[in-house]
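Okay, structure first, notes after.
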Protein chains: 2
Amino acid sequence: MNPLAIPEIVIKRLPLYLRTLRLLGDEGQAVTSSQDIGDRLGISATQVRKDLSYFGEFGKQGTGYDIQYLQQQLREILKIDRRWKLVLIGAGDLGRAVLRYTGFEEGGFSIVAVLDKDERKIGKQMGRLKVADIARLPEVLREHGVQIAIIAVPASNAKEVADALVKAGVKAILSYAPVSLSLPSHVHVQHIDPVLGLQSMTYYLDPGQG
Amino acid sequence: MNPLAIPEIVIKRLPLYLRTLRLLGDEGQAVTSSQDIGDRLGISATQVRKDLSYFGEFGKQGTGYDIQYLQQQLREILKIDRRWKLVLIGAGDLGRAVLRYTGFEEGGFSIVAVLDKDERKIGKQMGRLKVADIARLPEVLREHGVQIAIIAVPASNAKEVADALVKAGVKAILSYAPVSLSLPSHVHVQHIDPVLGLQSMTYYLDPGQG
DNA sequence: TAGATTGTTAATCGATTAACAATC
DNA sequence: TAGATTGTTAATCGATTAACAATC
């Protein structure tokens, strides 16, 4: 019915294409093919072409894709042709690691505030930011015009924090807490849990050797 | 053909079921249902039952599943009814955060060594471990009987490190480096890249508000 | 017994892939 | 022109779900 409804699984592959294009560009190439992109990601050339075709025609028959051009197009599609501001909730070890990680900045995201509910942490300097009281969440979001939050608090607090974020108007959440958050459907959630990945790989391992 | 070939997507959901069961147990429940598990994960009860049915019959009609029993069964299926040893490659900020993160220990994994190639880091104490020279990788793996590695080095070094790991006999890799690793099919790889999750969520956001 | 819930089959749905005309 | 590669259709494949008998 809705010609604009693109499968979510396709949307999730676009950042992979973008990352691959960046690597290809770094290697000095100017042009690439669906075959080349697919090979590097372990997916088929057909799938790459099919995915891109949801958004338009970006290639040239017989030649392939201009790397810079396709990168720019994908950035626009994903709306990362601009910088997004984030707030980080949780000033513990995990929060500190998130703040230090340079990948967010490089990927187009800027952490503009760190908030915590622990009075002993509030006011402390963390990198270039000062930890703010989580009670100030609504005004911090408003001040900076932030729609995205990272949750880096213990599992036991994650639901409470997520509810507060939604109430304050956050539209997208990246959560490091190992719990499923059931939130209104208009709020987007991504989970990061490295342990889940390990726990599915052990299924395939031979314990005798470990 | 092969009755043992269970879809990978099913295997990947088992750790989620396990996590949900742990949370339910913590809440004091003794018995649960496929409906209850599904609700908490945002998937259908039918899918939960279907997934479990690949491995046996764990429930009781009219009653549901004994939480402790099902947990134990899933742990055995995933082979996490034992402790697995890991080596961590990369003693930078990211490596430090990984080492500090308690989720690995809680999930059944112990980091037994940290290795790096930077001479300035080798020999330094990091938490309870001393950073070892990556050149010692083969003997470290042999000594501890390790099959799993975590890659926490910059993207530019990840391929080289992954190849060395495979050569030294590692069978499973959890990589934090934002590059696709093309490795032999007998080596299992999971990637952690928080930026990919953010970059797919922005597609759905309204930039006007941010 | 009545109600609840499992395990499983068959139907449906959606994603991937094979094939190929178009065209650079 | 010949070769390469795109964009797209139709076929295939695989995953999810609806339905229900079995049974606690």
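Note that this is a predicted model, so its numbers are computed, not measured. Convention: sequence-line order gives letters A, B, ...; per-chain numbering from 1.
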A:Lys79 to B:Tyr203 six-membered ring, cation-pi geometry met (6.0 Å, 45°): yes
Closest listed nucleotide, where the reference is the side chain of B:Arg13 and the choices are D:dT16, D:dG7, C:dT16: D:dT16
Sugar-phosphate only, base, or nothing, as touched by B:Thr63 at under 4.0 Å among non-hydrogen atoms: sugar-phosphate
Polar contact flag, side-chain donor to acceptor under 3.5 angstrom, B:Asp39-B:Gln35: yes
Rounded distance in Å - CD1 (B:Ile9) to P (C:dG14): 14 Å
Length of the line joining A:Phe58:CZ and D:dT5:P, which is rounded to integer Å: 20 Å
Counterpart base for D:dT9, defined by Watson-Crick or G-U wobble contacts under 3.5 Å: C:dA18
Interatomic distance where OH belongs to B:Tyr54 and C1' belongs to D:dA15 [whole Å]: 8 Å
Whole-Å gap separating C1' (D:dT17) and CG (B:Asp51): 12 Å
Proximity to the side chain of A:Ser33 - top-ranked nucleotide from C:dT9, D:dT5, C:dA15: D:dT5
Listed nucleotide nearest any side-chain atom of B:Ser34, set C:dT6, C:dT8, D:dT17: C:dT6
Which nucleotide in C:dA19, D:dT17, D:dC20 has an atom nearest any side-chain atom of B:Arg49: D:dC20
Given DNA chain D, 5'-ward residue of the pair B:Lys50 and A:Lys60, judged by closest heavy atom: A:Lys60
A:Gln72 and A:Gln68 side chains, donor-acceptor separation under 3.5 Å: no
Separation of C:dC24 P from A:Tyr65 OH (nearest whole Å): 14 Å
D:dT23 pairs with, by Watson-Crick or G-U criteria that keep both distances under 3.5 Å: C:dA4
Value in whole Å for how far the P atom of C:dA4 lies from CD of B:Gln35: 12 Å
Value in whole Å for how far the P atom of C:dC13 lies from CD1 of B:Ile43: 20 Å
Nearest-nucleotide comparison on DNA chain C, the residue closer to the 5′ end among A:Glu8 and B:Gln61: B:Gln61
Touch class at under 4.0 angstrom, heavy-atom based, for A:Thr46 against every strand present: base
Residue pair A:Arg49, A:Glu57: steps toward the salt bridge (Lys or Arg N to Asp or Glu O under 4.0 Å) verdict: CA-CA 9 Å; A:Arg49 294 203 301 281; A:Glu57 306 188 0; over 6 Å; no
B:Leu165 vs B:Ile151 side-chain heavy atoms within contact, under 4.5 Å: yes
Gap between atoms CG and C1', on B:Leu70 and C:dT6 respectively (whole Å): 13 Å
